[in-house]
Each structure stands twice: as C-alpha cells, then as structure tokens.
2 protein chains.
Amino acid sequence: MSASFEFERDRAYNRIVALIFGGTYDAATPLSERKLAQALDMGRMPVREALRQLEQEGVVEVRPARGTFVRSVSPEDLAEVYRVREALEGLAAELAAGRPTTGALAACGTRMRIMARDASAFTAAEIDDAGTEFHNLLMEASGSVPLSEAVRLFRMRFRLAFHLPRYFAQEIAQETLAEHIAILEAVEARDPVAARARMVDHLARGLELRLKLETGVGRKPAKGTDTSSNSGMEKTQ
Amino acid sequence: MSASFEFERDRAYNRIVALIFGGTYDAATPLSERKLAQALDMGRMPVREALRQLEQEGVVEVRPARGTFVRSVSPEDLAEVYRVREALEGLAAELAAGRPTTGALAACGTRMRIMARDASAFTAAEIDDAGTEFHNLLMEASGSVPLSEAVRLFRMRFRLAFHLPRYFAQEIAQETLAEHIAILEAVEARDPVAARARMVDHLARGLELRLKLETGVGRKPAKGTDTSSNSGMEKTQ
DNA sequence: ACTGGACGACCGGTATACCAGTTGCAAGTG
DNA sequence: CACTTGCAACTGGTATACCGGTCGTCCAGT
C-alpha cells in the first residue's frame with residue numbers, strides 16, 4: 001500500500017532495458033537522452049536518471065559530450081563476472097540452507113519437480129522462467145538484505161554478460177532444472193556446504209555453456225522502433 | 001589526460017559524504033536538495049544526482065514528498081554486510097594470490113612492515129590509512145574489474161556499517177596491521193587458500209571489534225555547517 | 001480546552017532552456 | 001587534389017521553474 005508507485009524514471013528504466021536487451025543498440029550507436037525521451041514520449045529527466053542508473057549498474061558507459069553507449073563484455077570479464085556471482089549466490093545458498101525453508105521457495109521446488117517428472121509437457125521458456133524464480137527466491141531465502149541488495153546491484157552485469165540467451169534448448173533447460181533441484185535438496189537437507197558447492201558447480205556449468213555459445217554477440221540488429229518482445233522479466237540463468 | 005575531469009556532481013558527492021560521515025545528519029534530519037545546494041553553493045541538479053547515487057549505494061533513503069534521510073544500520077544487517085564483504089574480499093585475496101604481486105602492493109607491504117617494526121613511530125591514523133590502501137591495492141591486485149566494481153558499489157555500505165570509527169587505539173591498529181601483513185604474506189607466497197582464509201578471519205575479527213563498540217551510534221551531533229574534518233578518504237577497515 | 005479543517009512551507013519529481021565540449025562535414029585554400 | 005578550417009548539429013551537464021503531494025501549524029467552531 002505504501003510504496004510501489006511507479007515513477008516516470010522507473011518506466012523509462014524498464015523500457016530502456018527492454019530496448020538494450022532486445023538488441024536495438026550495438027556498442028557504437030549512442031543512447032541519446034533526447035532521442036530516447038522523444039521515442040518513449042516522456043521528458044528528458046526521467047530518461048537521464050534511468051541511464052544514470054544503468055551506468056551505475058555497469059550496463060552503459062557515459063562519455064560526456066559524446067554519448068551514452070552500451071558496454072561490451074570481454075570474454076575475460078565474463079569469467080570474472082561469474083566468479084563474483086559464484087561468491088554471492090554461493091553465499092546465498094549457504095545461508096538459505098541454514099534457516100527454515102521459505103514457503104515460496106518450497107512452492108517453486110514443487111513446480112520444478114513436476115516439470116522434471118514430465119519435462120516434455122513444458123516449454124524451455126517455462127522451465128527457464130522457473131529457474132529464474134528459483135534464483136530469486138533462493139536469494140530471498142538467504143534472509144540477508146545486504147546480500148540481496150548486492151546481488152541486485154550486480155544483476156544487470158550478469159544479464160549483460162549472458163545477453164544472447166532465450167533460446168534454451170529443451171535439453172539444456174532440463175539439465176539446468178536438474179541442477180536447480182539438486183541445490184534445493186541440499187538447502188532442504190540443511191546442508192550449507194553442499195548447497196554452496198552445488199550452486200558454484202551450477203554456475204560454473206552455466207559459464208561453460210555460455211562460453212561455448214560465443215557466437216552472434218556482435219550481430220547488427222535492425223534498429224527497431226519500440227516495444228521489444230521482452231516484457232521486462234528478469235533472467236538469471 | 002582523458003578522463004578525470006571533476007564534475008559538479010562529484011564535488012557534491014564528496015562533500016555530502018563528508019557531511020554524512022562527519023556526523024552532521026542523524027536519521028531524522030532530512031538532506032534537502034535545495035538546502036544542500038544552497039549550503040554547498042551549487043545547483044540543485046548535481047546535489048540531486050549525488051543523492052541519487054548515495055541512494056543506490058544504500059547510504060540514503062528517499063521518501064518522495066517527505067525528504068531524503070540517512071539509513072540506519074541494524075546490528076543484524078551489520079553482520080550480514082560483513083558476510084558479503086568476506087565473500088567479495090575473500091575472493092579478491094584468493095585471486096590476488098594467483099597472479100604476480102603488483103608493484104604498488106609490494107610497496108604498501110614494505111611500508112606496513114616498517115610500521116610493524118617500530119610501531120611507536122607512527123600514529124594510529126597513519127597505520128589505519130595504510131590498511132585502507134592495502135585493501136584497495138589488494139582489490140586491484142585481484143585483476144578482476146567486475147569484482148572491483150562490485151566492491152565499489154558495496155563499499156559505502158561497509159562505511160555506513162562501521163561508521164563510528166576513526167579513533168583506533170594504537171593497540172588495535174597494530175593488531176590490524178599484523179593481520180594485513182599476514183594476508184600479504186599468503187598472497188606473496190602464492191597460497192590462494194591461505195590468503196582467503198586469512199582475509200576472512202581478518203574481517204571476522206573486524207566485525208567482532210565493531211560489535212564491541214556498539215555505543216554512541218545514536219549520538220545527536222551539533223548540526224555543524226560545512227567542512228568536515230574528513231578529507232574524503234576511504235576507510236575500509 | 002479541545003478538535004477539525006484549511007492554508008502555507010517544504011519535499012522530491014519533472015519539464016524546459018541554456019551551456020560548453022565534441023565531431024563530422026563541407027567549403028575555402030594551398 | 002590534398003589539406004586546413006570553421007560552422008552546424010549533435011552530445012551530456014547544469015540551472016531554473018513549476019507540479020502535485022505531504023505535513024505542521026494555526027485558527028475557527030464547538
């Protein structure tokens with residue numbers, strides 16, 4: 001009831017994120033504050049604040065009097081982003097294993113187990129979404145607000161590093177699903193060490209997978225106008 | 001030559017940080033954009049952007065139509081902030097131990113060893129500053145840009161959690177100094193496991209120390225006008 | 001004396017205008 | 001034709017003005 005009013009800045013942020021991850025901008029085309037404001041039919045200030053936040057999150061680089069550009073992620077950086085993620089989400093898994101399991105996390109687990117039992121009944125996108133939710137709920141289940149905020153600050157870097165996903169093959173989605181369930185089992189079994197280890201392994205496999213897909217990163221998109229297909233959903237793995 | 005021009009926003013940021021950590025504001029007095037702009041003799045926009053950054057960094061909380069306030073850190077949060085810090089700086093120590101030692105880090109080590117040999121010749125503040133530099137250089141020495149950025153994003157939370165320091169007793173400073181040297185030795189010995197372990201222990205001890213000093217957090221400062229004694233230096237432990 | 005409602009000071013959010021720096025192209029010059 | 005030069009069209013950075021919302025205060029009515 002109290003908060004949750006959406007400011008112009010938030011709308012601008014979501015739409016710009018959708019544009020960036022929709023592939024509208026390559027590393028050379030500037031995200032002009034004025035042009036974005038005009039395209040999104042809002043003032044310059046909310047757009048500016050959204051871009052400033054994206055700069056803080058490492059998604060975008062501002063060169064004064066030059067323009068604002070999407071940052072490119074080198075393969076080395078990619079590996080290092082994943083190490084940071086291992087540290088943070090590994091800690092989250094460890095902490096979550098040390099306290100009673102959240103109801104929401106348990107519900108997500110139930111859904112994942114149903115999916116695992118009859119995988120052919122679900123699309124890769126559905127399984128992927130469940131995985132994203134799993135990561136988010138596990139973070140909440142850690143019970144550490146500072147940790148959650150750290151991950152939130154760093155999350156866009158994960159997305160930027162991954163970037164080209166969204167065509168998870170069914171097979172890959174199932175493997176990922178199995179790993180998620182394995183992590184959850186360690187959490188439910190109150191085994192912090194195993195929970196951390198399985199999370200780290202899971203992420204390491206994700207990095208490996210991502211490195212194999214090292215193609216099509218520099219594709220030149222069609223400079224579409226607006227509404228990306230991406231509805232603003234997070235994708236965390 | 002290229003970057004490093006200081007914008008109004010950066011000057012505003014530094015001065016506001018000095019004000020906050022100088023104790024000018026308690027949790028109830030708002031940091032008004034207009035009043036700050038007038039007090040710092042600059043426009044509202046740079047002040048606003050500085051406050052926005054401080055909000056991202058978790059130092060400040062914005063309540064629309066109410067005001068902007070310094071966030072208070074609960075003791076539980078404090079422990080969790082330190083766990084995140086252990087994860088990040090522990091990783092930094094581990095990575096730094098896996099690569100050739102930086103020249104700057106070695107120089108800092110030399111200085112710290114001189115201090116350790118004849119501690120009575122140095123003030124606690126000098127030793128503390130060397131420790132801060134050690135943490136920063138170790139982060140650089142990790143060679144991971146993403147890790148450095150994660151820490152940079154989270155650093156103000158460390159400071160906010162610690163907050164009341166700056167009167168390190170000589171004895172405590174020496175103990176901390178010894179721990180820093182121990183970490184450095186593990187790094188120089190190319191022992192990632194020991195480096196991480198010693199860093200984690202070091203931070204755990206820092207948390208313990210901080211929890212003992214759980215006094216005077218809610219003091220009501222004298223609402224001074226401007227220039228804090230704090231010159232804008234970071235303090236990392 | 002107490003209570004309720006209106007007014008005014010203050011808040012952050014947003015829009016608009018102007019500034020200085022950068023860049024690329026085009027016109028002028030050898 | 002190659003090169004210089006300067007203008008014009010951008011960029012982000014900053015200032016100022018205005019908006020709706022919040023809250024304390026003060027006065028009117030009880």
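Values reported hereafter were calculated over all heavy atoms of this structure, with side chains retained and with hydrogens, waters and symmetry mates removed. Per chain, numbering begins at 1; letters A, B, ... match sequence-line order.
- A cation-pi arrangement is present between Arg63(B) and Phe69(B) under the rule of less than 6.0 angstrom and at most 45 degrees off the ring axis.
- In this structure, Tyr13(B) atom OH and dG13(D) atom P are separated by 17 Å, rounded to whole Å.
- Atom CD of Gln38(B) sits in a sparse spot, with 12 or fewer heavy atoms from other residues, nucleotides or ligands closer than 6.0 Å.
- When the C1' atom of dG12(D) is taken as reference, atom CD of Glu55(A) falls 11 Å away, rounded to whole Å.
- In this structure, Arg63(B) atom CZ and dG13(C) atom C1' are separated by 17 Å, rounded to whole Å.
- The one candidate from Glu94(B), His180(B), Glu89(B) that meets the side chain to side chain contact (heavy atoms under 4.5 Å, CB included) condition with Met199(B) is Glu89(B).
- Taking every side-chain heavy atom of Ala65(A) into account, dT11(D) is the closest of dT11(D), dG13(C), dT14(D).
- Within 3.5 Å, no donor on the side chain of Arg66(B) pairs with an acceptor on the base of dG12(C), nor the reverse.
- Across the protein-nucleic acid pair, Leu31(B) atom CG and dC10(C) atom P stand 17 Å apart, rounded to whole Å.
- For Phe154(A), the ring-ring contact (aromatic ring centres under 6.0 Å, His included) test picks out Phe158(A), with sequence neighbours left out.
- Taking only side-chain nitrogens and oxygens, Thr68(A) comes nearer than 4.0 Å to OP1 or OP2 of dG12(D).
- Between the CG atom of Leu36(B) and the C1' atom of dG12(C) there is a distance of 13 Å, rounded to whole Å.
- Side-chain N/O atoms of Ser32(B) include none lying less than 4.0 angstrom from OP1 or OP2 on dC10(C).
- For DNA chain D, the residues of residues 44-52 of chain B within the heavy-atom distance limit of 4.0 Å (strictly under) are Arg44(B), Met45(B), Pro46(B), sorted by number.
- Atom CE in Met42(B) sits roughly 20 Å away from atom P in dC19(C) (whole-Å rounding).
- Out of dG12(D), dT14(C), dG20(D), the shortest distance to the side chain of Arg9(A) is found at dT14(C).
- For Lys35(A), whose side chain is taken as the heavy atoms from C-beta onward, the closest listed nucleotide among dG13(D), dC11(C), dT11(D) is dT11(D).
- Looking at residues two or more places apart in sequence or on another chain, you find a side-chain contact (heavy atoms from CB on, under 4.5 Å) between Ala104(B) and Thr102(B), Leu137(B).
- In this structure, CG of Asp10(A) is placed 17 Å from P of dG12(C), rounded to the nearest angstrom.
- Rounded to whole Å, atom P of dA17(D) lies 16 Å from atom CD of Glu33(B).
- Contact between Gly43(B) and Val47(B) at its shortest, heavy atoms only, is O-CG2, 3.6 Å.
- With Asp26(B) contributing its side chain and Thr29(B) its backbone, the two residues share a donor-acceptor pair below 3.5 Å.
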